[in-house]
Amino acid sequence: MMETLTLYRPVGLKEAQLVLARDCRGFPPRLPDQPIFYPVMNVDYARQIARDWNAPDPGSGHVGFVTAFDVEAAWLARYPVKTVGARQHQELWVPAEELEAFNAHLVGPIRFIESWYGPDYQGPSSPLGSLEPPPGKPGGLPGGSGPASKVGP
């Protein structure tokens with residue numbers, strides 16, 4: 001059996017919509033001013049970014065989602081772990097031109113596991129629908145599982 005590593009990525013509303021448009025099978029191409037794709041190594045760091053950066057940010061739609069996804073561990077070894085602050089602030093730096101190859105090494109779908117809403121969010125409680133699994137189904141929307149939506153500070 002192939003060994004995988006679970007990574008996390010905080011995303012705002014637009015990136016979440018683009019992930020959904022890809023059926024949760026990959027992340028969208030980076031924008032021209034975004035030369036690096038930054039998946040993070042632990043859920044606490046992803047949660048901190050989604051809650052503290054995305055949820056208050058108008059550019060993120062005043063919402064932050066935490067995604068989780070599995071990647072082939074052997075393939076990931078090419079990217080050294082970068083610590084960018086405190087010890088728990090660890091991430092990988094994937095050049096934008098390598099993102100499609102990165103997506104090709106995902107094992108299973110990208111899962112939406114948490115959502116955080118800023119005080120200026122205007123919309124339904126979750127534009128993605130329920131993050132809780134439907135009765136009798138493993139995982140939540142789409143292919144994810146996790147806690148109910150959370151409201152930011």
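Keep in mind the model is a prediction, meaning the values are calculated, not measured. The first residue in the sequence is number 1, and the count goes up from there.
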Just verifying a value: how many Å separate N54 CG and L13 CG, rounded to the nearest 0.5 Å? 10.5 Å
Please determine, by modelled atom types, if E91 and Y45 share a side-chain donor-acceptor pair under 3.5 angstrom. yes
If Ile, Leu, Val, Met, Phe, Trp and Tyr residues are connected whenever their side-chain heavy atoms lie under 4.5 Å apart, and connections chain through other members, are I36 and W53 in the same group? yes
Taking C-beta and beyond as the side chain, do V94 and P39 meet within less than 4.5 Å on heavy atoms? yes
According to a hydrophobic-cluster definition based on side-chain heavy atoms being under 4.5 Å apart (Ile, Leu, Val, Met, Phe, Trp, Tyr only), do L99 and M41 belong together? yes
Does one hydrophobic cluster hold both V84 and V43, with members joined at side-chain heavy-atom distances below 4.5 Å? yes
For E100, run the salt bridge (charged side-chain N to carboxylate O under 4.0 Å, His left out) check against R22, R25, R30 and tell me which one passes. R22
Without swapping roles, check the side chain of E98 against the backbone of P95 for a donor-acceptor pair under 3.5 Å. no
How many angstroms lie between OH in Y121 and NE2 in H62, if you round to the nearest 0.5 Å? 11.0 Å
Check against side-chain contact (heavy atoms from CB on, under 4.5 Å), M2 and E72: CA-CA 7 Å; M2 176 187 333; E72 296 173 16; 2.9 Å; yes
Check whether H105 reaches the backbone of F102 with its side chain - one donor and one acceptor, N or O, closer than 3.5 Å. no
Considering non-hydrogen atoms only, spot the tightest contact between A50 and P10 and give its length. N-CB, 3.9 Å
Tell me, do L92 and Y38 make a side-chain contact under 4.5 Å, heavy atoms counted? no
Tell me which one of F27, Y79, W93 satisfies ring-ring contact (aromatic ring centres under 6.0 Å, His included) with F37. F27
Y8 ring center within less than 6.0 Å of F69 ring center: no
In one Ile/Leu/Val/Met/Phe/Trp/Tyr side-chain cluster, 4.5 Å: V107, I110: no
Is there a side-chain contact between L7 and V40 in this structure, where contact means two heavy atoms from C-beta onward sitting under 4.5 Å apart? no
If you measure from CZ on R111 to OG1 on T67, what distance do you get to the nearest 0.5 Å? 9.0 Å
Going by heavy atoms in the side chains, are L5 and V71 under 4.5 Å from each other? no
With heavy-atom distances below 4.5 Å as the criterion, would you say the side chains of F65 and V19 are in contact? no
Do D70 and T4 pair up side chain to side chain, a donor and an acceptor below 3.5 Å, judged on atom types alone? no
Apply the test side-chain contact (heavy atoms from CB on, under 4.5 Å) to residues E15 and R9: give CA-CA distance (whole Å), side-chain angles for both, the deciding distance (0.1 Å), then the verdict. CA-CA 11 Å; E15 189 170 352; R9 179 159 171 80; 2.9 Å; yes
Evaluate the side-chain proximity of Q88 to N42: yes if any heavy-atom separation is below 4.5 Å, no if none is. yes
Mind running side-chain contact (heavy atoms from CB on, under 4.5 Å) on E114 and R47 for me, showing each step along the way? CA-CA 8 Å; E114 290 183 13; R47 182 180 295 129; 2.6 Å; yes
